[in-house]
Amino acid sequence: MTEDTPPNLEPPSTANDAGSAPAKIEKESIWEVYYPFNADKDKDAVPVASFPMIIYFWPTLLAFLLCGVIQSFGDEATQSVTLGWWATGALTFNLMVIVTDLDQKKFAIVLLLVLLACAGLYVGRLKGWAVLGDAGHWIAALQVSYSTAAYLVVGCSLLFFFLLGMLQPRLNYWRLEPNEFVHYVQPWGRDQSIPRLGSTVTREVPDVLELLLTFGGGTLAIKREGQVVARIQHVPFLGKRMKSIERLLGVTRVQHT
């Protein structure tokens, strides 16, 4: 699934055309690398950054911290199996997201296989198939549990690395401007520049699960003459950001000196 923003082929326009009022252009905030505020308004530039893959682990992070807090209010000697299954399920799900790349077609196939497996288990239970029954009893008999300390240690460790990963986009980001795309690495500043003319911006969604975990995220590819010159990966809220990017790249602005 891609969305291409072709280069503007019309003559450059200015905000001071005769008979038209100048459009109000808002100054962007660097903090928009985390969330695109006012995406429906014209911006002077659009900051975008690549996020580390730890961003996908927020379900496991929340699961372990919440399970640790909930279990701490109970009997210290009691380790809840239900909480253990929830935490293990969240961790397993996140590992699957990291290991697999499920595009739209693969995601539909996997979803269909899961539904067929559930239907098979249901039919097997009705028919009393011994193999499925034994497997189900074996899984149900597993006493998956963690101590409260284990929940909190794993949860706090994930929280530490999550916060450390969230610092990276603030120091290493792209600034998409009407006439050029500039890469910044702080504290050194400007690192790379790609001319806007002849370039296109493409949204790529290589994995449906990553799309869901980043609330409409994906990868932003900058292409020039058919070649990918920059790829900004794991961008959260990319679907919402594309509105600002399309509005920004819809015109070519002229600076007067």
Side-chain angles (χ1 to χ4, degrees), residues 1-6 24-63 65 90 93-94 96-98 100-104 106-107 158-178 180-186 192 194 196 199-223 228-251:
M1 177 168 60
T2 61
E3 298 179 7
D4 293 344
T5 303
K24 182 179 180 181
I25 301 175
E26 292 190 356
K27 178 67 176 177
E28 87 286 353
S29 170
I30 184 57
W31 299 106
E32 291 183 37
V33 295
Y34 297 105
Y35 182 80
F37 301 100
N38 301 322
D40 57 339
K41 296 184 179 180
D42 291 332
K43 299 290 185 64
D44 185 59
V46 177
V48 182
S50 179
F51 282 68
M53 296 189 74
I54 189 67
I55 191 176
Y56 300 121
F57 273 82
W58 64 263
T60 302
L61 165 63
L62 292 179
L65 288 179
F93 171 74
N94 269 146
M96 181 183 67
V97 172
I98 299 300
T100 61
D101 286 327
L102 301 178
D103 56 20
Q104 289 178 319
K106 292 180 181 178
F107 179 77
L158 287 173
L159 179 61
F160 171 78
F161 287 109
F162 188 87
L163 295 177
L164 187 63
M166 291 303 100
L167 179 63
Q168 176 180 319
R170 181 60 180 82
L171 303 176
N172 189 334
Y173 60 90
W174 285 82
R175 190 171 184 267
L176 305 185
E177 303 176 3
E180 63 178 343
F181 309 137
V182 186
H183 181 224
Y184 290 90
V185 178
Q186 302 299 347
Q192 179 184 359
I194 301 174
R196 163 71 179 92
S199 300
T200 60
V201 175
T202 304
R203 181 193 180 192
E204 301 174 350
V205 182
D207 188 279
V208 175
L209 296 179
E210 293 179 1
L211 169 72
L212 298 176
L213 289 177
T214 51
F215 306 98
T219 297
L220 196 67
I222 301 177
K223 299 180 180 180
V228 177
V229 293
R231 179 173 273 112
I232 310 171
Q233 298 178 318
H234 318 305
V235 183
F237 308 104
L238 184 55
K240 189 176 181 64
R241 296 178 194 273
M242 289 303 297
K243 298 179 181 179
S244 297
I245 294 174
E246 290 170 358
R247 293 175 65 90
L248 177 74
L249 303 182
V251 297

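A donor-acceptor pair under 3.5 Å is absent between the side-chain atoms of Gln168 and the main chain of Gly165, judged by distance alone.
Distance check: Asp42 CG to Arg247 CZ gives 4.5 Å after rounding to the nearest 0.5 Å. Summarising the geometry, atom CD1 belonging to Ile55 is positioned 12.0 Å from atom CG belonging to Leu61; distances are rounded to the nearest 0.5 Å. The structure places CG of Leu238 at 12.0 Å from CD of Gln233, a figure rounded to the nearest 0.5 Å. Atom CZ in Phe107 sits 6.0 Å away from atom CG in Leu212 (nearest 0.5 Å). Put simply, CZ on Phe181 and CD1 on Ile245 are 8.5 Å apart, with the number rounded to the nearest 0.5 Å. Here CD1 of Ile194 is found 4.5 Å from CD1 of Ile222. Values are rounded to the nearest 0.5 Å.
Residues forming a side-chain contact (heavy atoms from CB on, under 4.5 Å) with Thr60 (at least two apart in sequence, or on another chain): Phe57, Phe64, Ala90, Leu91, Asn94, Leu158. Checked against ring pair (Phe, Tyr, Trp, His ring centres under 6.0 Å), Tyr35 has the following partners two or more places apart in sequence or in another chain: Phe37, Phe237. With sequence neighbours left out, the salt bridge (Lys or Arg N to Asp or Glu O under 4.0 Å) criterion links Arg170 to no other residue. Shown here are the side-chain contact (heavy atoms from CB on, under 4.5 Å) partners of Lys106, two or more places apart in sequence or in another chain: Leu102, Asp103.
The heavy-atom pair separating Ala49 from Val235 by the smallest distance is O-CG2, 3.6 Å. Between Val33 and Pro169 the shortest heavy-atom distance is CG2-O, 4.2 Å. Annotation for Glu32 and Pro47: closest pair CB-CG, 3.8 Å, computed over non-hydrogen atoms.
Side chains of Val185 and Gln192 form no contact here, defined as non-hydrogen atoms less than 4.5 Å apart. The shortest side-chain heavy-atom distance between Lys43 and Asn38 falls under the 4.5 Å cut-off.
Within the structure, side-chain hydrogen bond (donor to acceptor under 3.5 Å, both in side chains) contacts touching residues 236-245 (residues at least two apart or in different chains) do not occur. Within the structure, every pair that satisfies the side-chain hydrogen bond (donor to acceptor under 3.5 Å, both in side chains) test and touches residues 205-217, not counting sequence neighbours, is listed here: Tyr56-Glu210.
For Phe161, the CZ atom sits in a loose shell: 12 or fewer heavy atoms of surrounding residues, nucleotides or ligands are nearer than 6.0 Å.
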Distance-only donor-acceptor pairs under 3.5 Å for side chains of residues 171-178, two or more places apart:
{"residue": "Asn172", "atom": "OD1", "partner": "His183", "partner atom": "NE2", "Å": "2.6"}
{"residue": "Tyr173", "atom": "OH", "partner": "Gln186", "partner atom": "NE2", "Å": "3.1"}
{"residue": "Arg175", "atom": "NE", "partner": "Glu28", "partner atom": "OE2", "Å": "2.8"}
{"residue": "Arg175", "atom": "NH1", "partner": "Glu177", "partner atom": "OE2", "Å": "2.3"}
{"residue": "Arg175", "atom": "NH2", "partner": "Glu28", "partner atom": "OE1", "Å": "3.4"}
{"residue": "Arg175", "atom": "NH2", "partner": "Glu28", "partner atom": "OE2", "Å": "2.9"}
{"residue": "Arg175", "atom": "NH2", "partner": "Asp44", "partner atom": "OD2", "Å": "3.2"}

